[in-house]
Amino acid sequence: MSGERLRNFIGGEYVDAKDGRTLEVVDPSTGEAYAQAPVSGAEDVDAAFRAAAEAFPAWRDATPGERSLAMLRFADAVEARGRELVEAESRDTGKPVQLTMEEELPPMVDNLRFFAGASRVLEGKATGEYLADHTSSIRREPIGVCAQVTPWNYPMMMAVWKFGPALATGNTVVLKPSETTPVSTLMLAEIAAEHLPPGVFNVICGDRDTGRALVEHPTPQMVSITGSVRAGMEVAASAAKDLKKVHLELGGKAPVVVFDDADVASAAQGIAEAGYFNAGQDCTAATRVLVADRLHDEFTEALAEAARGTVVGPPSNTDAFYGPVNSAAQLERVQGFIDRVPGHARVLAGGSRSGDTGYFFEPTVVGGLRQDDEIVQNEVFGPVITVQRFSDEAQAVEWANGVRYGLAASVWTQNHGRAMRMSKALDFGAVWVNTHIPFVSEMPHGGFKHSGYGKDMSMYGIEDYTRVKHVMHYIGA
């Protein structure tokens with residue numbers, strides 16, 4: 001895929017959108033448009049779902065081994081074209097090229113290979129006689145055609161998290177990437193077409209209205225979205241009208257609880273990295289730090305120092321830890337949170353736009369905050385870490401859980417018993433101890449409360465894309 005006018009990928013080939021409407025695709029490191037993406041309408045959505053529906057019976061009936069082999073070949077091809085994919089991703093998102101090659105491409109390929117293997121080991125209750133003279137067995141079947149919507153913070157990786165388990169279990173997919181970052185997802189569809197039957201994996205570009213048309217269409221039996229809480233609520237409400245299954249991975253406001261026995265230097269550095277990775281545009285980012293009284297001042301200074309030492313720059317800068325935020329609107333949002341910081345708080349590092357080209361924002365630390373402050377309660381989705389002081393374990397738990405989100409959290413302590421108590425008490429889908437943000441394909445990712453429901457990755461994610469059927473035979477004489 002080359003050139004500056006993008007096209008949808010439907011039925012194994014690139015096709016033009018019907019009415020010719022387009023949106024500019026902007027390089028956030030320069031603020032300049034470099035491509036035009038189609039804004040798909042109802043006809044395009046129909047065409048994509050028609051292709052997926054036509055492809056479904058044959059893909060459903062392929063053996064797990066056949067699907068697994070096709071996906072393994074797909075994964076190999078993604079790895080072989082990794083540099084090309086990463087360069088496209090970096091242009092869309094502004095991420096440093098080398099860091100993305102090292103930190104995002106390998107786990108993405110591993111996810112694909114995991115899903116390929118997992119498709120062959122689906123589990124169910126043992127076949128047996130649970131009623132006299134009757135033998136019961138379980139069939140685990142694909143749901144059907146799936147509608148999927150991915151976000152702009154990790155376009156490639158979130159696409160894999162979505163279509164990987166869906167395809168592995170025999171579903172077909174129509175996926176809409178974010179309007180600001182469509183290029184790498186289209187490339188993935190192009191690569192997939194070399195190894196998967198036409199119509200199994202389709203990508204359409206568009207705006208929010210396109211996403212709504214995707215969700216409201218009668219064909220898909222499941223809708224999966226990674227996005228904002230607002231978007232998730234809209235999707236859930238719309239899907240409920242047709243009783244579609246819904247999978248939601250939404251926002252986060254991860255608490256990072258640092259106790260007074262934590263190692264200050266390693267904790268500050270690890271938290272800074274987990275807070276500023278991808279410019280803080282991560283639902284699991286270490287954005288909300290709670291520090292024990294005795295350690296507060298020392299730790300806060302160490303964190304501010306780590307922020308000041310974090311390099312921000314364009315994709316070509318090999319020293320840069322992160323690039324720009326996604327868009328001019330996102331830059332304005334992040335700056336707005338800082339501008340509205342209450343008088344009792346203090347910006348300890350950063351707090352401003354970096355440079356006058358592109359959408360870069362300084363690594364920022366804000367201290368002196370209270371539990372009900374806006375910046376503590378709401379997701380900034382930028383390179384901003386807040387700090388609060390707590391007095392005891394009970395208060396740490398209360399404040400950590402005292403937000404509407406429930407996606408991820410971390411605890412920093414050398415006390416094993418305390419770590420276990422906190423892991424139990426924290427109301428979040430993932431809890432890290434003395435680290436923050438690592439993922440592995442074998443373990444699930446997904447939240448509670450307003451962070452949504454359903455799991456990505458792991459066998460739990462695979463199960464979300466299947467339905468269970470009970471089959472009973474009378475075997476009496």
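Computed from heavy atoms alone, side chains included, the values below leave out hydrogens, waters and symmetry copies. Predicted, not measured: the structure shown is a model, and the values here were computed from it.
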At what distance, to the nearest 0.5 angstrom, does CG of Leu250 lie from NE2 of His450? 9.5 Å
Any non-hydrogen side-chain atom of Arg288 less than 4.5 Å from a side-chain atom of Gln388? yes
Audit row: Phe360, Ser29, side-chain contact (heavy atoms from CB on, under 4.5 Å) steps and yes/no: CA-CA 7 Å; Phe360 298 91; Ser29 66; 3.9 Å; yes
Just do the side-chain contact (heavy atoms from CB on, under 4.5 Å) check on Val223 and Lys245 with the steps written out, would you? CA-CA 6 Å; Val223 177; Lys245 186 174 183 179; over 6 Å; no
Decide yes or no for Glu442 and Ser458: does some side-chain heavy atom of the first lie under 4.5 Å from some side-chain heavy atom of the second? no
Is it true that a side-chain atom of Thr386 and a backbone atom of Thr287 form a donor plus acceptor pair closer than 3.5 Å? yes
Side chain to side chain donor-acceptor pair (under 3.5 Å) between Lys176 and Thr150, worked out: CA-CA 6 Å; Lys176 188 195 89 68; Thr150 53; over 6 Å; no
Atom CG of Leu369 and atom CZ of Arg346: how far apart are they, to the nearest 0.5 Å? 11.0 Å
Among Val39, Leu186, Thr185, find the one that has a side-chain contact (heavy atoms from CB on, under 4.5 Å) with Cys205. Leu186
Do Val257 and Ser410 have side chains that approach each other closer than 4.5 Å (heavy atoms only, starting at C-beta)? no
Fit a plane to each ring of Phe201 and Phe163, take the angle between them on a 0 to 90° scale, and name the class: parallel (under 30°), tilted (30 to 60°) or perpendicular (over 60°). tilted
Would Arg418 count as a cation-pi partner of Phe259, with NZ or CZ less than 6.0 Å from the six-membered ring centre and within 45° of the ring normal? yes
Pro182 vs Pro177 side-chain heavy atoms within contact, under 4.5 Å: yes
Could you tell me whether Lys253 and Glu374 have a side-chain N and a carboxylate O separated by less than 4.0 Å? no
Charged N to carboxylate O under 4.0 angstrom, Glu393 versus Arg421? yes
So does Arg370 pair up with Asp373, basic N to acidic O under 4.0 Å? no
Does a salt bridge link Asp16 with Arg5, judged by any charged N lying under 4.0 Å from a carboxylate O? no
Can you label the angle between the Tyr276 ring and the Tyr322 ring as parallel, tilted or perpendicular, going by 30° and 60°? tilted
Cation-pi check, Arg7 onto Phe9 ring (under 6.0 Å, within 45° of axis): no
Pairwise distance CE(Met422) to CG(Asn415) - rounded to 0.5 angstrom: 11.5 Å
Check whether Thr364 reaches the backbone of Glu362 with its side chain - one donor and one acceptor, N or O, closer than 3.5 Å. yes
Close side-chain approach of Phe361 to Gln330, heavy-atom, < 4.5 Å: no
Spell out, as yes or no, whether a donor-acceptor pair under 3.5 Å connects the side chain of Asp456 to the backbone of Gly446. no
Is a donor on one side and an acceptor on the other found under 3.5 Å between the side chain of Asp207 and the backbone of Asp209? yes
With sequence neighbours left out, the residues meeting side-chain hydrogen bond (donor to acceptor under 3.5 Å, both in side chains) with Glu87 are Arg83
Sorted by chain and number, sequence neighbours left out, side chain to side chain contact (heavy atoms under 4.5 Å, CB included) with Asn401 holds for Val397, Leu426, Asp427, Phe428
Any side-chain heavy atom of Leu331 within less than 4.5 Å of one from Arg353? yes
Before giving the answer on side chain to side chain donor-acceptor pair (under 3.5 Å), spell out for Glu190 and Tyr14 the whole-Å C-alpha distance, their side-chain angles and the decisive distance to 0.1 Å. CA-CA 8 Å; Glu190 178 186 304; Tyr14 284 109; 2.8 Å; yes
Would you check if the side chain of Glu379 reaches a backbone N or O of Gly252 as a donor-acceptor pair within less than 3.5 Å? yes
Short N-O contact, Lys95 and Glu103, less than 4.0 angstrom: no
Check step by step if ring pair (Phe, Tyr, Trp, His ring centres under 6.0 Å) holds for Trp412 and Phe299. CA-CA 12 Å; Trp412 300 72; Phe299 175 84; 8.4 Å; no
Approximate separation, where rounding is to 0.5 Å, of Asp392 CG and Asp260 CG: 11.0 Å
Distance from Ile437 atom CD1 to Ile271 atom CD1, nearest 0.5 Å? 12.0 Å
Taking it one step at a time, do Asp464 and Tyr453 satisfy side chain to side chain donor-acceptor pair (under 3.5 Å)? CA-CA 10 Å; Asp464 279 351; Tyr453 41 80; over 6 Å; no
Counting C-beta onward and ignoring hydrogens, is there a side-chain heavy-atom pair between Phe321 and Pro363 closer than 4.5 Å? no
Report yes or no: does Ser178 contribute a side-chain atom to a donor-acceptor pair with the main-chain N or O of Pro151 at less than 3.5 Å? no
Look only at the side chain of Asn171 and the backbone of Ala166, and say whether a donor-acceptor pair between them is shorter than 3.5 Å. yes
Apply salt bridge (Lys or Arg N to Asp or Glu O under 4.0 Å) to residues Arg308 and Glu301 and explain how you reach the verdict. CA-CA 11 Å; Arg308 288 188 284 269; Glu301 179 51 40; 2.9 Å; yes
N/O donor-acceptor pair under 3.5 Å between Ser451 side chain and Gly251 backbone: yes
Qualifying residue, where the test is ring-ring contact (aromatic ring centres under 6.0 Å, His included) with Trp161 and the options are Tyr154, Phe115, Phe439: Phe439
Candidate pair Thr93 and Asn326, rule side chain to side chain donor-acceptor pair (under 3.5 Å), full reasoning: CA-CA 6 Å; Thr93 63; Asn326 173 255; over 6 Å; no
Are the side chain of Gln371 and the backbone N or O of Gly402 linked by a donor-acceptor pair below 3.5 Å? yes
Is there a donor-acceptor pair closer than 3.5 Å between any side-chain N or O of Gln395 and the backbone N or O of Phe390? no
Salt bridge or not between Glu463 and Lys455? Use side-chain N to carboxylate O under 4.0 Å. no
Are Val258 and His296 close enough that some pair of their side-chain heavy atoms sits under 4.5 Å apart? no
Atom CD of Glu234 and atom CZ of Arg230: how far apart are they, to the nearest 0.5 Å? 5.0 Å
Let me see the working for Val174 and Cys146 under side-chain contact (heavy atoms from CB on, under 4.5 Å), right down to the final yes or no. CA-CA 6 Å; Val174 177; Cys146 298; over 6 Å; no
